Amino acid sequence: MKNEEKVNSFYEIHMELDGAYDDQETMDALRKYGKVRDSISRDIVVPEDITLHALHFAIQRAFGWMNSHLHHFSMEDDYQHTKLKELTEGKLKNFFTMCGVYFRAPYESESPDMEDVYYDDDYEDYESPKAWLRRKYTGPYYYGGSFEHYLTSQDTVEEYLKDDRALEIPPTFSEYLKAKENNTKPKANKTTIREMPLENAFGYFDGPLGEILERLRLDEVLTDQETDTYEQMKAIAEDAAEGWEERLSRYNEYENVLNETLPVVRKINEIINSREFTNESYEYFRKNSHAHQKGLDAYANILDLHQESDVKVRPFLNELYYLYDYGDGWTVTLTMKNKYTASEENGSLYFTDRNGKPADTEKVIALDKAYKGHTVKCIRYDGLPLMDDVGNVHGYARFLKTLKEGEPEERENMKDWSSMQGWTGRSVKPENLL
């Protein structure tokens with residue numbers, strides 16, 4: 001549901017691309033040709049009500065990507081999933097209780113749920129990519145899919161738990177190394193979904209585990225203050241589970257009604273939108289108006305159940321990770337630097353930080369535009385825009401070096417290819433970046 005209220009609070013977020021900045025050769029190329037001073041980073045101001053889903057599109061534009069690959073937000077970037085294991089005590093069934101509260105439920109690559117995750121990837125070739133991205137990170141913000149809501153997440157989990165057959169799971173990498181060290185053959189693990197260790201589950205599902213819900217607002221996830229402890233997070237998940245079976249039963253009833261009436265709802269909506277009031281359309285409307293209303297009522301009831309079931313969570317991270325293009329392996333770390341509040345007095349707009357101090361001029365300009373446009377603005381940045389399919393930081397550095405130092409034909413090919421990717425190599429003013 002859209003949030004139409006005026007937003008008066010804004011976060012200053014530092015976004016830094018993870019990379020091998022201790023690699024001297026890479027850094028030399030980035031500094032010489034990529035206009036990098038310290039690291040590839042962006043500082044932005046965002047409305048506190050922005051969803052992670054909308055923030056994703058702002059990150060894409062801020063770093064120069066084109067939303068061409070998979071992505072997700074996570075509470076950590078190391079492949080050991082240390083924080084997730086600690087939170088869940090290393091048990092998949094404990095992770096399942098967090099699905100729809102903090103994390104997405106696991107999904108299969110061919111599942112309809114996968115499409116729902118990217119419900120609004122509706123870019124058309126005739127549209128400017130920058131304009132399309134801007135539209136996505138400009139408020140009011142809402143989540144338009146269904147997969148990330150608590151009831152649908154737990155419904156997905158229940159489907160997994162119903163299949164409680166015995167499973168053989170390949171050994172984890174750590175188990176493989178231990179067996180090799182002991183000169184033994186690594187063995188498959190026998191388990192069930194209900195009893196599966198979390199470590200084994202990482203290789204069982206198609207997608208990554210621990211993807212943070214993108215319907216969550218940023219102020220429910222990130223803070224520079226004290227975060228919720230794991231015990232508090234578990235307590236919130238337990239509160240969400242209260243009465244969920246009864247709500248899920250009602251949800252399934254409404255879903256059945258909606259599925260039965262959906263063709264009628266769509267047909268009548270087409271008739272209304274087309275304004276073609278023919279005898280045929282009138283007769284169809286007359287015969288099916290009752291089913292149409294049943295479908296609309298079922299849909300409204302589903303929305304009400306989602307609002308009833310989606311518990312409000314409190315910030316639980318001081319660092320938020322954004323992972324993009326699993327082949328290239330881009331990772332951006334997000335941290336909160338400050339919070340600003342807008343107030344109007346005698347026709348003038350003022351911004352003060354969390355300590356009550358007035359914002360400096362540089363930030364006031366960006367905050368003013370973010371406030372009036374309900375959008376995201378850049379304060380400062382370090383490094384030229386990136387591009388897709390260049391091979392992470394090292395590949396990007398090699399690209400820059402080749403573009404400037406390669407053989408003439410090689411340079412020309414690089415120039416043509418990067419132009420096709422939408423990369424110009426030109427700096428822009430921070431206020432024009434987003």
Side-chain angles (χ1 to χ4, degrees), residues 1 51-52 72-76 81-107 113 117 143 145-164 191-202 204-205 207-223 225-255 301-320:
M1 183 171 290
T51 60
L52 295 193
H72 70 274
F73 290 90
S74 173
M75 64 192 301
E76 55 197 335
H81 297 90
T82 305
K83 290 183 180 179
L84 190 61
K85 287 178 182 176
E86 186 175 345
L87 171 62
T88 61
E89 298 173 339
K91 298 176 182 179
L92 177 64
K93 63 182 179 182
N94 290 346
F95 170 76
F96 279 159
T97 67
M98 302 280 182
C99 292
V101 182
Y102 298 99
F103 305 109
R104 287 173 174 165
Y107 50 82
D113 294 336
V117 168
Y143 172 72
S146 64
F147 174 65
E148 291 196 357
H149 293 293
Y150 182 74
L151 288 178
T152 46
S153 293
Q154 287 299 312
D155 196 25
T156 299
V157 166
E158 280 298 295
E159 288 300 313
Y160 285 121
L161 292 176
K162 284 178 185 176
D163 183 16
D164 204 32
T191 184
T192 64
I193 285 285
R194 201 175 292 274
E195 298 302 324
M196 186 184 294
L198 188 71
E199 188 171 9
N200 293 115
F202 291 119
Y204 181 77
F205 298 103
L209 289 186
E211 298 183 39
I212 295 176
L213 298 172
E214 292 191 15
R215 68 168 174 80
L216 295 179
R217 292 165 39 136
L218 186 61
D219 62 358
E220 293 179 281
V221 178
L222 191 63
T223 180
Q225 306 297 303
E226 185 176 331
T227 64
D228 264 7
T229 64
Y230 289 159
E231 287 71 25
Q232 289 170 318
M233 293 174 70
K234 292 172 187 175
I236 290 174
E238 289 171 2
D239 289 343
E242 287 290 328
W244 81 270
E245 289 181 337
E246 185 273 332
R247 291 196 301 272
L248 182 61
S249 176
R250 282 190 285 146
Y251 174 85
N252 287 330
E253 289 178 12
Y254 297 141
E255 270 281 290
N301 288 329
I302 287 172
L303 293 181
D304 289 342
L305 273 175
H306 281 323
Q307 285 198 331
E308 181 184 338
S309 303
D310 291 343
V311 295
K312 175 78 173 175
V313 301
R314 297 187 295 266
F316 56 99
L317 294 176
N318 292 128
E319 288 185 329
L320 174 64

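In this chain, residues are counted from 1 in sequence order. Predicted model only: the values in this text are computed from it and were never measured.
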Tell me whether Glu226 at atom CD has more than 12 heavy atoms from other residues, nucleotides or ligands lying less than 6.0 Å away. no

Quick check for you: to the nearest 0.5 Å, what is the distance between Trp244 atom CH2 and Asp239 atom CG? 16.0 Å

Test side chain to side chain contact (heavy atoms under 4.5 Å, CB included) on Thr51 and Leu216; report intermediate values, then the result. CA-CA 5 Å; Thr51 60; Leu216 295 179; over 6 Å; no

Side chain to side chain, Leu151 and Ile302, heavy atoms closer than 4.5 Å: no

Side chain to side chain contact (heavy atoms under 4.5 Å, CB included), paired with His149, selected from His306, Gln307, Gln154: His306

Tell me whether Lys83 is salt-bridged to Glu319, with the criterion being a basic N under 4.0 Å from an acidic carboxylate O. no

Rounded to the nearest 0.5 Å, how far apart are OH of Tyr251 and CG of Asp155? 7.0 Å

Interatomic spacing from CG in Leu222 to CG in Leu320 - rounded to 0.5 Å: 6.0 Å

Within the distance-only criterion (no hydrogens, no angle test), does the side chain of Ser153 pair as donor or acceptor with the backbone N or O of Phe147 below 3.5 angstrom? yes

Got Val311 and Val101 here, is their nearest side-chain heavy-atom distance under 4.5 Å? yes

Hey, are Glu159 and Lys162 close enough for a salt bridge, meaning a charged N less than 4.0 Å from a carboxylate O? yes

If we only count heavy atoms from C-beta on, is the Asn318 to Thr223 side-chain gap below 4.5 Å? yes

Spatial distance of atom CG (Leu317) from atom CD (Glu76) [nearest 0.5 Å]: 9.5 Å

Determine whether a donor-acceptor pair (N or O, by modelled atom type, separation under 3.5 Å) exists between the side chain of Glu195 and the backbone of Thr192. no

Step through the shown structure and confirm whether more than 12 heavy atoms of other residues, nucleotides or ligands are within 6.0 Å of CD on Gln232. yes

Answer yes when Glu246 and Arg250 have at least one side-chain N-carboxylate O distance shorter than 4.0 Å, and no when they do not. yes

Kindly give the heavy-atom pair with the smallest separation between Arg104 and Glu148, and that separation in Å. NE-OE2, 2.7 Å

Locate the shortest heavy-atom distance separating Thr191 from Pro197; write the atom from each residue and the value. OG1-CD, 4.2 Å

Under 4.5 Å between any side-chain heavy atoms of Glu214 and Tyr143, yes or no? no

Tightest non-hydrogen contact, residues Pro106 and Thr156, listed as O-CG2, 3.7 Å

Of all the heavy-atom pairs spanning Ala105 and Val157, show the shortest one and how long it is. CB-CG2, 4.3 Å

Using modelled atom types only, decide if a donor and an acceptor are shared between the side chain of Arg215 and the backbone of Gly145 within a distance under 3.5 Å. no

Can you see which heavy atom on Tyr150 is nearest to which on Asp310, and at what distance? N-OD1, 2.9 Å

At what distance, to the nearest 0.5 angstrom, does CZ of Arg314 lie from OG1 of Thr229? 8.5 Å

Output, in order, the C-alpha distance, side-chain angles, deciding distance and verdict of side chain to side chain contact (heavy atoms under 4.5 Å, CB included) for Leu213 and Phe103. CA-CA 5 Å; Leu213 298 172; Phe103 305 109; 5.6 Å; no

If the plane angle is over 60° it's perpendicular, under 30° parallel, otherwise tilted; pick one for Phe316 and Tyr102. perpendicular

To check you understand the geometry: which heavy-atom pair defines the closest contact between Ala201 and Leu209, and what is its length? CB-CD1, 3.7 Å

Student check: side-chain heavy atoms of Ile193 and Leu161 closer than 4.5 Å: yes

Do the side chains of Leu84 and Phe202 get nearer than 4.5 Å, heavy atoms only? yes

Is Tyr107 close to Glu211 at the side-chain level, that is, under 4.5 Å between some pair of heavy atoms? yes

Side chains of Leu87 and Met233, heavy atoms from C-beta outward: is any pair under 4.5 Å? yes

Please round to the nearest 0.5 Å and tell me the distance separating atom CE of Met98 and atom NZ of Lys234. 6.5 Å

